[in-house]
Each structure stands twice: as C-alpha cells, then as structure tokens.
Amino acid sequence: MKKLVLACILLAGVGFQSCKKNETQTDAVKAVEEKIVSTQCYRAVYEKDTLDLKLNTLQSGKITGSMIMNVASSTIKTGEIKGEFHGDTLFADYTFVEVTNKNKTFKNPMAFLKKDKRLILGNGTMQTTMGVTYLVKDKPIDFDRVKYKFETAECAGKK
C-alpha cells in the first residue's frame, strides 16, 4: 500500500513538473515572436560623457533595447534595457557589463521622463534588498537637476 501511494505521489510530481516546463517554453516563444512596432534612438552628451540609447517598442507596449554608457571617469558600459512606460515615465532595468570586466554582470533600475521628443534620465533613491536593486517607491525621482538629457538621434546601421 505504501509503495502504491509513493508511486502515485512520484507520478503526480513528474506530471506537474512537465507542465511547468511547457509554460516556461511557451513564455519564451511568445517573447521571441513578439514584433517590434517601432525603434527610436537617443543620445545624451554631458561634458566628456556620451550615452547612446536604442529603444524598441513591442506590440505589448513593453520596451526593450540597448545602451552604451561612455562616461569619462569610468569604463565603458554596454548592456540591455527592458521596461515599460507608466504614463510619461519609462521605468526600466539596465543590465550591463563593463568593457574591462565582461565576466561580471550588473543590473540597475532607471527612470526616463519623456518630454516632447526628449528623454530625461532621472535621479532616484535606490535600495538593495537580497541582492536586487530598485528605485524606492515613496521617494520622488528628480528630473530637474540631472546630467543626461537624451535627444533623438539617427540609429546606427539603420537603413
């Protein structure tokens, strides 16, 4: 009797696990299949710093893209942007590597205010909990006293 119960539990566990794998594969296929509706490129220049940003708007309204941060006082950072707009503000995560150390990946939250045809990178209070960094919700993001204001730019390699 005990062997029968144990076998049923084992079989049920395998069944649940296979369903979970199918869900993950379906989500991955959806993400790959989602079409890019539009692409816009931006550039911010502040003193000796240059930031190049490419944003793709997907059918779902989510944003993906890439950013290269060439900040004079540090190494070049290159990475991916993922996020979505809430009103006129793009909340995104920037996952990047430094050119001098490609073995370590970093992830920072960012907020961009869309104003006319510009994007303004805001300064917000960040907090890290259990290794995840995020913008603190109860603290306002400053879009006035900032370094980086992105202007529209021609996308590299655009036909």
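Count residues from 1 along the sequence.
- The shortest non-hydrogen separation linking Pro109 to Leu135 is CG-N, 3.8 Å.
- Partner of Met67 under the side chain to side chain contact (heavy atoms under 4.5 Å, CB included) criterion, out of Leu53, Thr95, Leu121: Leu53 alone.
- Linking ILVMFWY side-chain heavy atoms closer than 4.5 Å, directly or via other members, places Val37 and Phe85 in two distinct hydrophobic clusters.
- Distance check, rounded to the nearest 0.5 Å: NZ of Lys139 to CD of Gln127 gives 9.5 Å.
- Under the 3.5 Å distance criterion, the side-chain polar atoms of Glu34 are matched with a main-chain donor or acceptor of Ser60.
- Contact record, Glu84 with Ile63: CA-CG1, 4.3 Å, taken as the closest heavy-atom pair.
- A 6.0 Å sphere centred on NZ of Lys62 holds no more than 12 heavy atoms belonging to other residues, nucleotides or ligands.
- The backbone N or O of Asp144 sits less than 3.5 Å from a side-chain atom of Asp142, completing a donor-acceptor pair.
- Not counting sequence neighbours, Thr152 has no partner by the side-chain hydrogen bond (donor to acceptor under 3.5 Å, both in side chains) test.
- Taking hydrophobic clusters as Ile, Leu, Val, Met, Phe, Trp and Tyr residues chained together by side-chain heavy-atom distances below 4.5 Å, Phe150 does not share a cluster with Ile76.
- Side chains of Thr105 and Lys102: a donor-acceptor N/O pair is absent below 3.5 angstrom, by distance only.
- Here the OH atom belonging to Tyr94 is positioned 13.5 Å from the NZ atom belonging to Lys107, to the nearest 0.5 angstrom.
- Counting only heavy atoms from C-beta outward, the side chains of Ile36 and Leu58 approach each other to under 4.5 Å.
- Across all non-hydrogen atoms, the minimal contact from Ile81 to Ala92 is CG2-CB, 3.8 Å.
- Between Phe106 and Phe96, the ring-plane angle classifies as parallel under the 30° and 60° cut-offs.
- Distance check: Asp93 CG to Asn108 CG gives 8.5 Å after rounding to the nearest 0.5 Å.
- Put simply, OH on Tyr42 and NZ on Lys117 are 9.5 Å apart, with the number rounded to the nearest 0.5 Å.
- Checked by atom type, the side-chain pair Tyr148/Asp49 shows a donor-acceptor distance below 3.5 Å.
- Residue Ile120 is not grouped with residue Tyr46 when hydrophobic side chains (ILVMFWY) are merged at heavy-atom distances under 4.5 angstrom, including chains of intermediate members.
- Nearest heavy-atom pair, Cys41 versus Lys54, reported as atom, atom and distance to 0.1 Å: SG-CG, 3.7 Å.
- Taking all atoms of both residues into account, the shortest heavy-atom contact from Met126 to Thr133 is SD-CG2, 3.8 Å.
- The hydrophobic clustering, which links ILVMFWY residues whose side-chain heavy atoms are closer than 4.5 Å, places Leu51 and Leu119 together.
- When the side-chain hydrogen bond (donor to acceptor under 3.5 Å, both in side chains) test is applied to Glu80, no partner is found at least two apart in sequence or on another chain.
- Hydrophobic cluster membership is shared by Val71 and Met110, with clusters built from Ile, Leu, Val, Met, Phe, Trp and Tyr side chains linked at under 4.5 angstrom.
- For the pair Asp52 and Arg43, the salt-bridge criterion is met [side-chain N within less than 4.0 Å of a carboxylate O].
- The CG atom of Asn70 lies 11.5 Å from the OG1 atom of Thr78; values are rounded to the nearest 0.5 Å.
- Under the 3.5 Å distance criterion, with hydrogens and angles disregarded, a donor-acceptor pair is assigned to the side chains of Thr39 and Asn56.
- Distance check: Phe112 CZ to Phe91 CZ gives 11.5 Å after rounding to the nearest 0.5 Å.
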